[in-house]
Structures are given as C-alpha cells and as structure tokens.
*Asks:* 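Mind having a look at this structure? Questions to follow.
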2 protein chains.
Amino acid sequence: MRVAELAQVAGVSADTVRYYERVGLLRPPPRTASGYRAYDESAADRVRFIQGGQRLGLRLRDIGELLAVRDTGVCPCEPAEELLTRRLAELDAELARLAALRAEMVRMIDALPSPDCPPPEPGTWCPPGTDAERR
Amino acid sequence: MRVAELAQVAGVSADTVRYYERVGLLRPPPRTASGYRAYDESAADRVRFIQGGQRLGLRLRDIGELLAVRDTGVCPCEPAEELLTRRLAELDAELARLAALRAEMVRMIDALPSPDCPPPEPGTWCPPGTDAERR
DNA sequence: CTAAACCTTGGAGCACACTCCAAAGTCAAG
DNA sequence: CTTGACTTTGGAGTGTGCTCCAAGGTTTAG
C-alpha cells in the first residue's frame with residue numbers, strides 16, 4: 001500500500017497520513033527501493049484508531065499516548081478510561097454551558113423588537129447579555 | 001483613559017485592546033501629545049459590546065459587522081437577529097452532536113472491562129465507536 | 001535626577017490539525 | 001519514449017483570538 005491508497009481506505013488525505021507520521025502518530029513505514037512509503041494493513045487500522053479517538057473529541061496528543069501504550073503491547077484500556085472519563089466531564093460542562101447560552105439566546109431573540117428599536121444609546125445594546133432586560 | 005485603564009475597566013488586557021484596534025473593531029482613538037491613546041467612555045462600552053457578542057459565541061468578524069452598522073447610527077438589531085438566529089441553529093446542532101457523543105461515550109466507558117482486557121488485537125479496539133460492540 | 005511604571009511600534013509565536021507548495025524523482029500505460 | 005499520475009522533502013500557510021517581544025519614548029513618585 002502506498003500513501004494515497006492508505007489514505008483512501010482510511011478516509012483521510014495523503015497529506016494527513018504524512019502529517020500523522022511527522023507528529024509521531026504513525027511510525028515510519030518501510031520504504032520501497034525508490035523511497036515510497038509501503039504500508040501494511042495495520043497502518044490502516046492505526047489510522048482508524050486515530051479517527052475513532054478524534055470522533056470522541058480526543059486531541060491527537062491524547063491519541064498518541066494511547067497508541068504509545070498500545071505499542072508496548074499493553075492494552076490502553078486503563079488510560080483510555082481515564083481519558084474518556086475526563087473528556088466526559090468536559091463534555092458535560094460544555095453541554096451545560098451551551099444549554100444556558102441557548103436559553104439566553106432565545107430570550108434575546110424574543111426580546112428583539114426588530115422594528116423601531118432605539119438608536120444607538122451608548123451603554124446598552126442588543127448583543128450583551130446585560131441587555132436582555134431592555135425591551 | 002489610557003489603554004491599560006480601558007483594558008482594566010473592560011476586563012481585557014491592553015494587548016487585546018490594541019489588537020481590537022488592529023483588526024478594526026475599535027476605531028483609532030485620539031492621541032495625547034506624546035502619542036498615547038486617549039479613550040473616552042464610549043470605548044469601554046464598545047469593548048463591552050464585543051465581550052457580549054463573544055459570550056454568545058459570535059466571531060469577532062460578526063461583531064465587527066454589527067459595530068459597523070451601529071457606527072452608521074442605525075440599530076444593528078436586524079442583522080443581530082439574523083446572526084443570532086443562525087448562531088442558535090449552530091448551537092442546536094452542536095448540542096445534538098454533543099449529546100449523541102455523550103451517550104456513545106457512556107456506553108464505551110461502561111463497556112471498558114479495565115481488568116484483563118485482551119492484548120492489542122489489530123483491527124478492533126478501545127476508542128473507535130465501531131468497537132463499542134466488542135466484549 | 002533617577003527609577004519604576006507606563007506607553008509606542010511592527011512583527012513573531014501559540015494552539016490545533018491540517019493543507020498546500022515547488023522541485024525533483026518514479027512508475028505504468030500506450 | 002513520452003505522458004501523466006504518482007511519490008519524495010522541508011517549509012510555509014490557514015483560521016481564530018489573542019499574547020509576547022524588543023527597543024525605544026514618557027510620565028510619575030520619591
């Protein structure tokens with residue numbers, strides 16, 4: 001498998017594959033006589049592992065750590081569990097933040113009279129949250 | 001008001017104030033004889049407007065457009081309403097995405113045996129969503 | 001008068017995950 | 001043998017919103 005083929009089966013670009021190698025997520029594959037990268041199936045698996053981690057919102061750095069553990073022959077379940085638990089907490093915080101924001105936004109949109117709102121009085125205005133009580 | 005003072009009352013850094021000027025969110029203020037920026041109260045209001053927009057997740061570019069409208073003396077309510085409505089849709093999409101992700105993550109964490117999980121079999125593994133059915 | 005604390009500028013750097021480039025080499029089809 | 005599609009490399013650029021820097025000028029307190 002050459003780089004474009006790996007990229008294709010894994011659903012990323014060839015540039016991305018090379019990028020992953022640069023940052024240490026993929027180990028340098030063997031090369032053909034002419035210097036082309038020659039991947040085997042495990043590389044595709046590895047890229048899919050990376051994609052899976054990304055879908056969960058893990059950063060490449062974290063995924064790299066999981067891969068490093070896996071490369072020692074040990075199951076990365078334990079660090080993965082910790083990462084995922086931490087990420088879940090982040091996710092919950094983010095969900096709460098967005099939900100609060102959404103509520104505020106709905107209030108603001110409702111409060112927007114649209115016709116004949118007052119000319120720019122300095123100090124108070126449409127966007128700021130502190131303005132929601134205008135109207 | 002000099003730059004640090006404006007920064008202080010508005011809750012940002014002096015660098016940030018200068019940055020806003022650079023990117024066109026704050027108009028260049030008058031200068032003292034020695035070249036120091038001299039702000040009046042309206043600048044603080046403007047920075048607060050920016051902060052308000054940011055809290056809602058608007059990008060500086062969007063906030064700049066609102067400010068540009070406001071600078072013409074017209075109320076930016078109408079463009080604001082459009083922006084906010086669009087942003088609300090984004091927010092809803094993001095909320096849905098995160099909620100789905102959260103559910104998947106909980107399933108994955110539950111499925112993690114932690115003790116004695118199998119050694120790295122290539123092809124299937126902890127992180128990928130496609131692995132949730134392992135075990 | 002001096003020292004500290006401010007101010008000025010243009011430009012670089014950060015985080016993140018790519019994405020694109022030019023210049024050169026390689027490979028397969030026709 | 002030529003053409004076109006691939007490959008290689010290091011390095012630069014993208015977007016977002018800052019943040020920090022050096023080298024110099026200004027202001028203020030003691």
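We name chains A, B, ... by the order of the sequence lines, and we start the count at 1 in each one.
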*Asks:* Within less than 4.0 Å of OP1 or OP2 of C:dA17, is there a side-chain N or O belonging to A:Arg59?
*Replies:* no
*Asks:* Regarding D:dG11, can its base be found pairing with the side chain of A:Arg22 as donor and acceptor, where the two atoms are less than 3.5 Å apart?
*Replies:* yes
*Asks:* Distance check needed: D:dC18 P versus B:Glu21 CD, whole Å only.
*Replies:* 15 Å
*Asks:* Apply salt bridge (charged side-chain N to carboxylate O under 4.0 Å, His left out) to the pair A:Arg97 and A:Glu94, showing each step before the final yes or no.
*Replies:* CA-CA 5 Å; A:Arg97 197 182 70 82; A:Glu94 184 70 359; 3.5 Å; yes
*Asks:* So if I take every side-chain heavy atom of A:Arg37 and compare against D:dC18, D:dG10, D:dT9, which nucleotide ends up nearest?
*Replies:* D:dT9
*Asks:* For the side chain of B:Leu60, counting heavy atoms from C-beta on, which of C:dC20, D:dG17, D:dT19 is nearest?
*Replies:* D:dG17
*Asks:* How close or far is atom P of D:dG17 from atom CZ of B:Arg55, stated in whole angstroms?
*Replies:* 16 Å
*Asks:* Name the closest nucleotide to the A:Asp15 side chain, picking from C:dC21, C:dA17, D:dG17.
*Replies:* C:dC21
*Asks:* Over how many whole Å does the gap from B:Gln8 atom CD to C:dC6 atom P extend?
*Replies:* 11 Å
*Asks:* When you check the gap from the basic side-chain N to the acidic O, do B:Arg86 and B:Glu90 get nearer than 4.0 Å?
*Replies:* no
*Asks:* Counting heavy atoms from C-beta on, name the nucleotide in D:dG15, C:dT19, D:dT8 closest to the side chain of A:Ser13.
*Replies:* C:dT19
*Asks:* Of all heavy-atom pairs between A:Arg48 and A:Val9, which one has the smallest distance, and what is that distance?
*Replies:* NH1-O, 4.0 Å
*Asks:* Counting the atoms with a prime plus P, OP1 and OP2 as sugar-phosphate, which does B:Ala4 contact under 4.0 Å by heavy atoms, base, sugar-phosphate, or nothing?
*Replies:* sugar-phosphate
*Asks:* Would you indicate what A:Val3 reaches in the nucleic acid, counting non-hydrogen atoms under 4.0 angstrom: base, sugar-phosphate, or nothing?
*Replies:* sugar-phosphate
*Asks:* So, does B:Arg18 get its side chain near the phosphate of D:dC20, meaning an N or O under 4.0 Å from OP1 or OP2?
*Replies:* no
*Asks:* Kindly say if A:Gln51 contacts the phosphate of C:dA17, meaning a side-chain N or O under 4.0 Å from OP1 or OP2.
*Replies:* no
*Asks:* Taking atom C1' of D:dG17 as reference, at what distance in whole Å does atom CG of B:Leu58 sit?
*Replies:* 14 Å
*Asks:* If each of B:Arg2 and A:Tyr20 is mapped to the nucleotide of DNA chain C with the nearest heavy atom, which maps nearer the 5' terminus, i.e. the 5' end?
*Replies:* B:Arg2
*Asks:* How close do A:Ala99 and B:Leu95 get, heavy atom to heavy atom, and via which atoms?
*Replies:* N-CD2, 4.0 Å
*Asks:* Among C:dT19, D:dC18, C:dT26, find the nucleotide with the atom closest to the side chain of A:Tyr36.
*Replies:* C:dT26
*Asks:* Return no unless some side-chain N or O of B:Thr32 is found under 4.0 Å from OP1 or OP2 of D:dT26.
*Replies:* no
*Asks:* Is it the case that atom CD in B:Gln51 sees more than 12 heavy atoms from other parts of the structure closer than 6.0 Å?
*Replies:* yes
*Asks:* Taking only N and O in the side chain of B:Arg31, is any of them less than 4.0 Å away from OP1 or OP2 of C:dT9?
*Replies:* yes
*Asks:* Tell me whether A:Arg87 is salt-bridged to A:Asp92, with the criterion being a basic N under 4.0 Å from an acidic carboxylate O.
*Replies:* no
*Asks:* Mapping B:Arg61 and B:Ala33 onto DNA chain D by nearest heavy atom, which one lands closer to the 5' end?
*Replies:* B:Arg61
*Asks:* Please report the distance, rounded to the nearest Å, between OH in B:Tyr39 and C1' in C:dC6.
*Replies:* 14 Å
*Asks:* Within the pair B:Gln54 and D:dT16, is there a side-chain N or O less than 4.0 Å away from OP1 or OP2?
*Replies:* no
*Asks:* By nearest heavy atom, map A:Tyr19 and A:Ser34 onto DNA chain C; which one lands nearer the 5' end?
*Replies:* A:Tyr19
